Amino acid sequence: MAEQEASGLQVLLRTLQSSLDRESILTILQVLGDMLSVGTDRRIHYMISKGGSEALLQTLVDTARTASPDYDILLPLFRLLAKVGLRDKKFGQKALELEALDVTLILARKNLSHSQNLLHCLWALRVFASSVTTGAMLGINGAMELLFKVITPYARKRTRTIRAATEVLAALLKSKSNRRRAVNRGYITILLRLHQDWHSHDTANAYVLIRQGLLLCLQHITSLRSGREAFLAAQGMEILFSTMQVSCLDDKSMEPIISAALQILRQCYPKSPLPLATASSAYAFPVPGSITSEPPHILTEEDFEDDGDEKGDKDSDSEDTKEEDDDLETDVDKLSAKPGPDRPEEELVQYEAMCLELSCSFEELESKFGDDLNLTQYVNHHHIPTAASSEQHCLNKDRSSWGQEREDTVQTSLLSMVKMGRSMVHLASKKRPVMSSRQNVQSNGLGIDSFEKKLCDIQASLKEDAWDIDMISCPRMHPSFSNSTGPRETVEVIDKLLETHPKHIPFHDPYLYMSKARRTKSVVDFEMMAFPDFWGHCPPPSAQSMLERKHGIQRFKIFEDVRRLIQPSDIINKVVYSLDEPWPLQDTASNCLRFFSKFESGNLRKAIQVREFEYDLLVNADVNSAQHQQWFYFKVSGMKAAIPYRFNIINCEKPNSQFNYGMQPTLYSVKEALLGKPTWIRTGYEICYYTNHYRQSAAATGGESAKCHYTLTFTITFPHEEDVCYLAYHYPYTYTALMTHLDILEKIVNPKQVYFRREVLCQTLGGNLCPLVTITAMPESNSADHVEQFRHRPYQVITARVHPGESNASWVMKGALEFLVSSDPVARLLRENFIFKIIPMLNPDGVINGNHRCSLRGEDLNRQWISPKAHLQPTIYHTKGLLYYLRSIGRSPVVFCDFHGHSQKKNVFLYGCSIKETLWQAECPVGTSTLLEDVSYRTLPKILDKLAPAFTMSSCSFLVEKSRAATARVVVWREVGVSRSYTMESSYCGCNQGPYQLQCQSNANGKLTLEGGPR
Ligand SMILES: [Zn+2]
C-alpha cells in the first residue's frame, strides 16, 4: 500500500472520530464503504491495523448518544462495523471498552418495530457476539430477552430480521453462562415451540436458514447437561424426531435442518452403560503374575457427564487421519542406544537346538535321495493320517515314504501373480485359478458320475430338509465320547458328507483338522468346531470390489436408533444369546435367529433381538481384560430367505474403521458349502460405523473420562432359508488351521529340494505349542563345500499374528509359507540364499479364544518386547532369545519382519526404523548431518514398491515413535541391531491403487448373487 494512501486513511479515520459535521461524516463513511467494497481482505486488515475499528466504534457511540440519533449515519456505520468486525479478532473487546455494546442494545430496543434499523443493529450485535466474553456481557445486559422479542412464530414479513436475530442468539449461546441462563429461563421450550411452528408452516422450505438457526441455538444449549435434561423434559426428542420423517432424510433442501436436528438427537439421547453385567471378559483364565489391568468392571447407571460440545462423526469423508508428530522419539541418545541383552549369555545356549541346520552334516543325503530319483509319480495325499506327527522333526527321519509330492499343488506363485498383475488390464475379469467342479472330480480320481450323483443327493436332501443342518454345521470335536444317539448320528452324517468333500481345497484336510482341533486348548474348552474351519474354503471365483457407501446411510441408521426411544412399539429387546447366562439360553421355537460362538476364534458375547429383523450384538472383551472389542466371529441360523436382517455390533472400540470406506464383513454359508461352494465372501450392505450412546464410566475404564462405544451396523440378506451361516470381521484363520496347514506343508515339500523343519518354540500360557518353522534349500550334496554354503546362508526371521484379531496376517503368512516351499524359481533362489526362521503365530492363545489384541494375561504382546519374561510372555521371550542367539553367533538376521493387519488403511505397507528420518520429521536439528546411518532399510520397501501390486510406498513410515518403543520392530532394530526390521501391515479392506484396485460398485439391493458371487 502506498505511503500516501496510508496517511490518507489515517487522516480520514481521525477526522471521522473528531468531526461534528454531519456532511463530512457521511462523506467519510461513503469513502470508507467504497474502499472496502472492492479489493481483498488485506484492505480491511490494513484498516484495522490503523485503528479503523476504534474509529468506527467511537463514531457509533458518539452518534447513538445524541438526543435523536441520525440513522443516515448509523446505517452505513453499522454496515462498515459488520464488515470490519468480522475480520478483527479483538473487535468484541474493543466494542466492550468503548461501550458500544450498550448503545447498540439500546438502539435495537428502540427500533423493535423498525425493521431496517433493527436489522442493522443485529448485524453489529452478531459480530460483537462472536467473542465469547463479549457475548457473555451482552447476555448479562439482556440481549437474549431482546432477541426473543424479534424471533416470532412463523411470519412472512420481517424474515431477514428474524433470521439475523436467530443468528445473533446462536452466537450468544456459544457462551456457557448464556447457555445456563437459557436453561434457567426456559428458552428450550420456547425454541422448541418456535421450531415446531416454523417447521409446520414453512412447507416450501423457504426459510431453512431461520429453522437451522433455531436448531443451532438448541444444539448449543443441549451441550450442557442441564440443557439436555430440560430438552428431554420438554419432549424435545419427540418434537425433533417428528420433524425428521424418513422421507425427508434425503431431501437436499432440508439438509442443514436434518443435520442439526440429528446432531441434537444424538447429543441428547440418554447415555447408558452397555447392556452387560460387567465389561470384563466373559472368559477368565488363571495366569501367572499379576495382571496389570483393572478391578472388575461393573457397569452401573451413573453420571455420564460430558459438558463439552460433542462432535458427531461426519458422514464418511476424510479417511486418512493426520499422524501426530509429538510421539516421535527425538532423544538422539535413545535412538542410537544399543542396549545389551536382557538375559545372561548362558541362557542363549538353549536356542542352539532350534538351529540344527547349523550342525546337520547330511551324511545320508547322497544315498537317500539317490534312491528316490525314480519316484516321480504323484502321490495323492488327500487322506493324511490323523495321528499327529511328532512336533520335533529332524531331517534324519525317513522321508522316503512321502515320496515326490505334488509341488503343483502350491498354486500360482507370487511372482507369476506379480507378472500377471502388471500385464493385466482388468483384474476384475480375471478368474482366479479355482477349478471347476468337473476338474476337481477329475483331479481327485473320482468318477464324474458318482460325484455329480452325490451332489444331487445333497441338493435334494437340502431341499427336503432331511438333514438337521444345525447338527452338522458345528461338529463336535469328540463325537465318540458321547453315548447319546444325537452326536453319533452326527458322526455318520459327517462321514457321509466327507465322502463328497471337495478335495480340491488346497492345503486342507477336514480329518486332519478335526484331529488337530482336539489338541487345541481353549480357556473354556470349546467342544465344537466352526464348519468353515473344519470343512475348508476356496477363494471366491473372482475378485470382489469394495462396497460403495450409500449417501446418508449413517443418518438413516441413527434415525432408526433414535426411533427405538421415541416409538418403542415394535421393540422386542429380548436376549437371545449370552455367554453370561447358563447354556443353553435359546428358545429354538421362537421366531428369532439363533447364535453361537463357543468355538475356536469365535467371538460373540450377547445377542439381543431388538426388532423382528434387527439384532444388537455385543462382542466379548479379550480374556482377562475389559476391552479390545472389535473382532467377531459367530454362527447364525434360523433365518428366513430374502429378508434383510440388520445387525449392530454396539460395543466396538476403535474410533474409526474401514467399514466406513468400502469394507464388508465376511460370510460363509453352510448350504452353499454343501452345494460345492465352500467360500467366505464379503457381504452386507448399508454398512457404517459411528459413535453410539453407550458409555463406559471413567471409574470402570480407569481413565479420565467416560469411554465412547461405536456401532458397526450392516444388513444381510441371507442366501438360503434355514441356512447356517458364519459371520466374521475378516476371513478367520484359527490356530488349528495353522497346525493343519503346517502338517500338510511338511508332507508335500520336496525333501530333495526343500529343507523344511518344524519344531516347538515354546508352550503358551494356555498350554498350546507355538510352532517354529525353518525353511531353506537342501544342500546340493553332502560335500564339504555344499554343506558349508548351506550353513552360511544369511537368516531372515518372519513372525505373524501377535494380534489375534488380525487374521489377515495369517493369510499373508500362509501364502508366504506356501510360496517359500514351492517350485517357483524365485522361491528356489530365496531358499538357496537364505535360511528362513518363521514363527507363524506369536499369540496362539489369543487366536484360539477369540481375542482381538491380547494374550491370556490381557496384555498386548507387541508392547512387551523390551523385557519379556519366560513365564509371562513365553512366545515373545523365546523369539527374542532366538534372535539374541543368532546375534551371539554372529548370524544376526538380515531381515526381520512381523506381519500385521491394518484396520484404518488400504493396501500393504511397511513400517521400519530410521534415526535420521525420525529426527527430520520431528524437525530436530541435533546431529543429523554428522549422524551416520545404514540406509539398507530402504531397499526392501523399494523393491516391493516395484514388484508387489498391493504394496504402496506412500503409507510406509520409518519413524521411531515413543509409544512403539516396546514393539517387535523397534526392539529388534535397536537391541538385535537388525537395520531391516519391519512391521508389515496389510489392509483388512483392500487396495485403492495398483492392479488389485477395483472400482466400488453399488450393490443396489444388496442381495447375494449366488452365481458367481456378489458383484
Ligand atoms: Zn497389529
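As the structure is a prediction and not an experimental result, all values here were calculated from the model. Every number for a ligand or one of its atoms is a count from 1 in the order of the listing. These numbers come from the heavy atoms of this one structure, side chains and all, not from hydrogens, waters or symmetry mates.
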Exercise. Among all residues two or more places apart in sequence or in another chain, which pass the side chain to side chain donor-acceptor pair (under 3.5 Å) test with Tyr795?
Worked result: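 Scan of Tyr795 (side chain to side chain donor-acceptor pair (under 3.5 Å), adjacent residues dropped) gives Glu357.
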Exercise. Would a line drawn from the ring center of His900 to the ring center of Tyr911 be shorter than 6.0 Å?
Worked result: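 No - the distance between ring centres of His900 and Tyr911 does not fall below the 6.0 Å cut-off.
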Exercise. Centroid-to-centroid, Tyr633 to Phe599, below 6.0 Å?
Worked result: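 Yes - the distance between ring centres of Tyr633 and Phe599 falls below the 6.0 Å cut-off.
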Exercise. For the Zn ion (ligand 1), which protein N/O/S atoms are closer than 2.8 Å?
Worked result: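 You should have found His803 ND1, Glu806 OE1, Glu806 OE2, His900 ND1.
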For this session: For Thr764 and Asp845, test the side chains for any donor-to-acceptor distance below 3.5 angstrom and give the result as yes or no.
Result: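 A donor-acceptor contact under 3.5 Å links the two side chains.
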Problem set entry | Counterpart residues, salt bridge (charged side-chain N to carboxylate O under 4.0 Å, His left out), relative to Arg938 (two or more places apart) |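 Partners of Arg938 under the salt bridge (charged side-chain N to carboxylate O under 4.0 Å, His left out) test: Glu917.
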Exercise. According to the ring pair (Phe, Tyr, Trp, His ring centres under 6.0 Å) rule, which pairs have a member within residues 952-983, sequence neighbours left out?
Worked result: Tyr937-Phe958
